[in-house]
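What follows is a single structure, written as structure tokens, with notes after it.
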Amino acid sequence: MPTIVIIHAGMSEESSTANLASRFRSTLEDEGASSAPRIDVRTIALRPLAHAITDHVLTGFPNERLAEAQNAVMSAEGIVALTPTYQASYSGLFKSFFDVLDPDALRGKPVALGATGGTPRHSLVTEVAMRPLFTYQHADPVPTAVYAATEDWGAHAHDSDPSGGDGLARRIRRASQELLSRLPGHGSPRPEGVQTIRTATLGAHTEAPTEADTWPGFVEFEELMGGTE
């Protein structure tokens, strides 16, 4: 049974990061319920491991609980990595946990990225801080990252729109589908909202799909300019 491990660095079980972890877990379990093979989803909260992580940084040795978490990451087929935003980046606790992993623990492993913060102004933390970290560790971050600001929990911050977070569930579902599509035996299901790419086989050759095939409503540049081939 493929295993997905959700790692979150929330400061409490009531934090927005822990809430995001819970929503990811529910979505992954729902999306994987009809798939074969079934998936096992496990959540690791880093706050209870904070002292053990610090001791490992200082001594080079994990205690039993931290070693169990490290082994769970090593053996998982997929990872969801979630952090609160501190100073426009991931938290020190979050980074320290990945610092004490085996250098090959994430090699080739699909990872869904997510972060939380009080303002949407920090929404690029997943791209400018988290994605380079996991790329450096030779992981395989999925395209869709999920950032949840105050407005995504239904509240209205002074610098946010009044939509009440309608898009959060959709983003979590899309990231979950992309993660599941990379698990062994799950094939490559089409994520929500993505159109099927059409190809035409001519003899022994296959036509490469054009942008117009992939994106509905796309107009080729030559057509816009009124040019011809």
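The figures here come from the full heavy-atom set of this structure, side chains too, leaving out hydrogens, waters and symmetry mates.
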Looking only at heavy atoms, what is the nearest atom pair of [X] and [Y], with distance?
| X | Y | answer |
| --- | --- | --- |
| V142 | A175 | CG2-O, 4.3 Å |
| N63 | A52 | ND2-CB, 3.3 Å |
| G32 | L180 | N-CD1, 4.1 Å |
| L183 | P2 | CD1-CB, 4.2 Å |
| F24 | A112 | CE2-CB, 4.4 Å |
| A115 | L20 | O-CD2, 4.0 Å |

Applying salt bridge (Lys or Arg N to Asp or Glu O under 4.0 Å), can you list everything that pairs with [X], at least two apart in sequence or on another chain?
| X | value |
| --- | --- |
| R42 | E68 |
| D104 | R107 |
| D99 | K95 |
| D55 | none |

Interatomic distance, [X] atom [atom1] to [Y] atom [atom2] [nearest 0.5 angstrom]:
| X | Y | atom1 | atom2 | value |
| --- | --- | --- | --- | --- |
| S176 | E29 | OG | CD | 10.5 Å |
| E31 | S181 | CD | OG | 11.0 Å |
| F94 | S89 | CZ | OG | 9.5 Å |
| T3 | I39 | OG1 | CD1 | 9.0 Å |
| Y90 | T85 | OH | OG1 | 12.0 Å |
| S96 | L101 | OG | CG | 11.0 Å |

Is [Y] reachable from [X] through a run of hydrophobic residues whose side-chain heavy atoms are each under 4.5 Å from the next?
| X | Y | result |
| --- | --- | --- |
| F97 | Y86 | yes |
| L179 | L133 | no |
| I7 | Y147 | no |
| V111 | L82 | no |

Review point. Between K109 and P141, is there a donor-acceptor pair closer than 3.5 Å when you use the side chain of the first and the backbone of the second?
Key: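 Flag not set: sc K109 to bb P141 has no pair under 3.5 Å.
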Check your understanding: What pairs of residues pass the salt bridge (Lys or Arg N to Asp or Glu O under 4.0 Å) test when at least one of them lies in residues 75-89, not counting sequence neighbours?
Key ->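 The answer is none; no pair qualifies.
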Please set out all donor-acceptor pairs under 3.5 angstrom arising from side-chain atoms of residues 43-51, sequence neighbours excluded.
unit_1: T43; atom_1: OG1; unit_2: R25; atom_2: NH1; d: 3.2
unit_1: R47; atom_1: NE; unit_2: M11; atom_2: O; d: 2.8

Point to revise | ring pair (Phe, Tyr, Trp, His ring centres under 6.0 Å) partners of residues 112-143, not counting sequence neighbours, each pair once | key: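 Every ring pair (Phe, Tyr, Trp, His ring centres under 6.0 Å) pair that includes a residue of residues 112-143, provided the two are not neighbours, is F98-F134.
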Check your understanding: Run the side-chain contact (heavy atoms from CB on, under 4.5 Å) check on T119 and T150 step by step: do they pass?
Key -> CA-CA 6 Å; T119 169; T150 299; over 6 Å; no
Exercise for review: In sequence, state the C-alpha distance, the side-chain angles, and the governing distance for L106 and I79, and then conclude on side-chain contact (heavy atoms from CB on, under 4.5 Å).
Suggested key: CA-CA 9 Å; L106 299 178; I79 300 291; 4.2 Å; yes
Check your understanding: By side chain to side chain contact (heavy atoms under 4.5 Å, CB included), which residues pair with P132, not counting sequence neighbours?
Key ->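 Here no residue qualifies.
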Exercise for review: Please identify each residue that fulfils side chain to side chain contact (heavy atoms under 4.5 Å, CB included) with A145, with sequence neighbours left out.
Suggested key: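 Partners of A145 by the side chain to side chain contact (heavy atoms under 4.5 Å, CB included) criterion, ordered by chain and then number, come out as L113, T126, E127, R131.
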Practice item. For T144 and R174, run side-chain hydrogen bond (donor to acceptor under 3.5 Å, both in side chains): C-alpha distance rounded to whole Å, both residues' side-chain angles, the deciding distance at 0.1 Å, then the answer. Key: CA-CA 7 Å; T144 300; R174 184 181 179 87; 3.2 Å; yes
Check your understanding: side-chain contact (heavy atoms from CB on, under 4.5 Å) between V100 and F61: does it pass, once the steps are laid out?
Key -> CA-CA 9 Å; V100 298; F61 297 97; over 6 Å; no
Review point. Taking it one step at a time, do L28 and V80 satisfy side-chain contact (heavy atoms from CB on, under 4.5 Å)?
Key: CA-CA 10 Å; L28 284 165; V80 178; 4.0 Å; yes
Please name all residues satisfying side-chain hydrogen bond (donor to acceptor under 3.5 Å, both in side chains) with [X], sequence neighbours left out, ordered by chain then number.
| X | value |
| --- | --- |
| S15 | none |
| D40 | none |
| T17 | T116 |

Practice item. Flag the pair E178 and R182 as a salt bridge only when some basic side-chain nitrogen lies within less than 4.0 angstrom of an acidic carboxylate oxygen. Key: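 The answer is no: the pair does not qualify as a salt bridge.
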Practice item. Give a yes or no on whether a salt bridge exists between R171 and D152, defined as a side-chain N under 4.0 angstrom from a carboxylate O. Key: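 Salt bridge between R171 and D152, a charged N being under 4.0 Å from a carboxylate O: yes.
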Practice item. Please tell me if the side chains of L168 and V146 come closer than 4.5 Å, counting only heavy atoms from C-beta onward. Key: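 Counting from C-beta outward, L168 and V146 do come under 4.5 Å.
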